[in-house]
Amino acid sequence: MKKRNWSSRGTGAAGKRYLCFMQRVKKIFRLIHLFVWTLFTFLVGLQLRTDDQSYWLPLTTGFMLTALYVFYSHFYLLTKYSGQKKRKEYFLKLAAIFFTGPFPFVILHPKTSGTWDLFLGYYPVTLLTIVPIFLFLGWLARVTETLVLNTIRKEQLEKQAAETELHYLKSQINPHFLFNTLNNIHTLVYKQLPTAPEAVLRLASLMRYMIYESNAPTVPLTREINYLQDYIGLQQLRYKNSPVVDLTVHGTPETCEIAPLLFIHLLENAYKHSPARLEPGAIKVKVEIKADSLTFQIQNPISTNQKKMEVEEPGGIGLANVRKRLQLQYPGQHRLEIHHTGETFGVNLEINGTHAHIHERETQLLHH
């Protein structure tokens, strides 16, 4: 059976999007070059035709050939030797461009045809006027494009890193829960209890959601709630009492979108730091949907022999995971409050803008 590497797959997809985006940016630069040079040629021809109606065409042709030759020769020379310590080769080729630059304009100039003296007269003038200007413009264009491309490249790499980190954070789940669940299901099957098929289906639904459906930037809140209910149902296998979790939903979850796997670590912490024996409804979970916000509240009792509750175990991922994901996905749009009374521990999470469309949330995620 072939083993799939989900992290590599996510990173590969992000890399392809990055390459496609950079290709589009470079295409935009090429179109800008084409537009600017077309407009510049038109303006030069219009001016020369106004000044000299007899020779405007060869003058325009010679001037533009010199401008294009000097500009792009220096432009690509800078591209080739950028970041390389080959200054001697660069300056030798730059000198060649500088001294050969006037040739197209001087050769095509109608007044220099067959006249060596006029040729020698126009050459130094062109060398000291037209050539330096377009050498400088070629350098300026290369520096500007490099600066813009490097800025975009840095932003895209930061976005890719953020996506990779989100993929990693979402994929984390307590392995002890999976081992305990499989052990509980094995016991149910061994005893041939009627709850065994339901437990298998819940575990399958939970794993399907984690592996396949949670790859989207946001999911319907109803699906996230179903995931929590599957998790609660599997955890309930440990308890003989009535359901130890009291989950209530207020509002219309069908109208709400949420980042997937955001609440599971808070629920894991509630189980982890609660007493071994729980009364029915001891862990209280409340989901409330308002006009354009979502509130998630969870409260659990603390074991009597646990004088000081540690929110995170060494290397834990609970609240630290949630905080990091909120910073990445809902910057400036969330409020996370923690309440510790000594007997109970509670978390109150409020997120604004949860009714946004999926493509809006994805755009915001990539930006941050």
Side-chain angles (χ1 to χ4, degrees), residues 18-157:
Y18 165 74
L19 292 176
C20 291
F21 180 79
M22 294 304 297
Q23 290 297 326
R24 289 197 297 270
V25 172
K26 292 179 180 179
K27 184 178 180 180
I28 291 173
F29 275 122
R30 288 194 290 268
L31 292 175
I32 292 174
H33 276 258
L34 180 62
F35 172 77
V36 171
W37 281 109
T38 302
L39 179 62
F40 184 65
T41 302
F42 172 77
L43 295 175
V44 169
L46 186 64
Q47 181 63 41
L48 291 176
R49 186 173 183 179
T50 303
D51 296 339
D52 190 348
Q53 295 184 357
S54 302
Y55 302 113
W56 73 272
L57 184 59
L59 286 173
T60 302
T61 304
F63 180 86
M64 292 308 303
L65 286 176
T66 290
L68 288 168
Y69 167 69
V70 173
F71 180 93
Y72 282 108
S73 294
H74 194 204
F75 184 88
Y76 288 110
L77 187 66
L78 289 169
T79 303
K80 180 179 179 180
Y81 289 101
S82 177
Q84 298 184 23
K85 297 181 179 180
K86 297 181 179 180
R87 295 184 178 181
K88 184 177 180 180
E89 292 184 21
Y90 167 75
F91 283 112
L92 286 174
K93 292 183 179 180
L94 180 62
I97 295 171
F98 181 78
F99 289 109
T100 58
F103 285 164
F105 179 72
V106 175
I107 292 173
L108 292 176
H109 198 290
K111 295 181 180 181
T112 62
S113 179
T115 307
W116 183 251
D117 293 337
L118 291 176
F119 179 89
L120 294 178
Y122 277 105
Y123 179 84
V125 174
T126 307
L127 185 69
L128 298 177
T129 54
I130 300 176
V131 173
I133 291 175
F134 286 97
L135 280 176
F136 171 75
L137 291 177
W139 170 84
L140 184 62
R142 179 68 277 172
V143 170
T144 302
E145 284 195 23
T146 301
L147 179 63
V148 173
L149 288 173
N150 286 341
T151 302
I152 294 175
R153 187 177 291 111
K154 180 181 178 181
E155 291 180 355
Q156 290 296 312
L157 290 175

Original post:
Can you list the steps and then say if Leu31 with Phe35 is a side chain to side chain contact (heavy atoms under 4.5 Å, CB included)?
Top reply: CA-CA 6 Å; Leu31 292 175; Phe35 172 77; over 6 Å; no

**OP:** Return the orientation label for the Phe63 and Phe134 ring planes: parallel under 30°, perpendicular over 60°, tilted otherwise.
**Re:** perpendicular

Original post:
For the side-chain contact (heavy atoms from CB on, under 4.5 Å) test, which of Thr61, Thr60, Thr66 pairs with Leu108?
Top reply: Thr61

Subject >> OH on Tyr76 to CD1 on Ile97, rounded to 0.5 Å >> reply: 12.5 Å

**OP:** Classify the angle between the aromatic ring planes of Tyr81 and Tyr90 as parallel (below 30°), tilted (30 to 60°) or perpendicular (above 60°).
**Re:** perpendicular

Subject >> Listed partners of Arg24 passing side-chain contact (heavy atoms from CB on, under 4.5 Å), at least two apart >> reply: Cys20, Phe21

Original post:
When rounded to the nearest 0.5 angstrom, what is the spacing between CG in Leu127 and CZ in Phe98?
Top reply: 4.0 Å

**OP:** Taking all heavy atoms of Gly101 and all of Pro104, pick out the closest pair and write down the distance.
**Re:** O-CD, 3.2 Å

Original post:
What's the spacing between Leu43 CG and Leu48 CG if we round to 0.5 Å?
Top reply: 11.0 Å

Subject >> Whether Phe75 and Phe71 hold their rings parallel, tilted or perpendicular, with breakpoints at 30° and 60° >> reply: parallel

Original post:
Yes or no on side chain to side chain contact (heavy atoms under 4.5 Å, CB included) for Ile130 and Val70, after CA distance, side-chain angles and deciding distance?
Top reply: CA-CA 9 Å; Ile130 300 176; Val70 173; over 6 Å; no

**OP:** Evaluate side chain to side chain contact (heavy atoms under 4.5 Å, CB included) for Lys80 paired with Glu89, printing each intermediate quantity in order.
**Re:** CA-CA 11 Å; Lys80 180 179 179 180; Glu89 292 184 21; 6.0 Å; no

Original post:
For the atom pair NZ (Lys26) and CE (Met22), what is the distance rounded to the nearest 0.5 Å?
Top reply: 6.0 Å

Subject >> Test applied, side-chain contact (heavy atoms from CB on, under 4.5 Å); reference residue, Pro102; option that passes from Val125, Leu128, Thr126 >> reply: Thr126

Original post:
Which atom pair, heavy atoms only, marks the closest approach of Ala96 to Tyr69?
Top reply: O-OH, 4.4 Å

Subject >> Distance (rounded to the nearest 0.5 Å) between Phe105 CZ and Leu59 CG >> reply: 5.5 Å

**OP:** To the nearest 0.5 Å, tell me how far Lys154 NZ sits from Leu149 CG.
**Re:** 15.0 Å

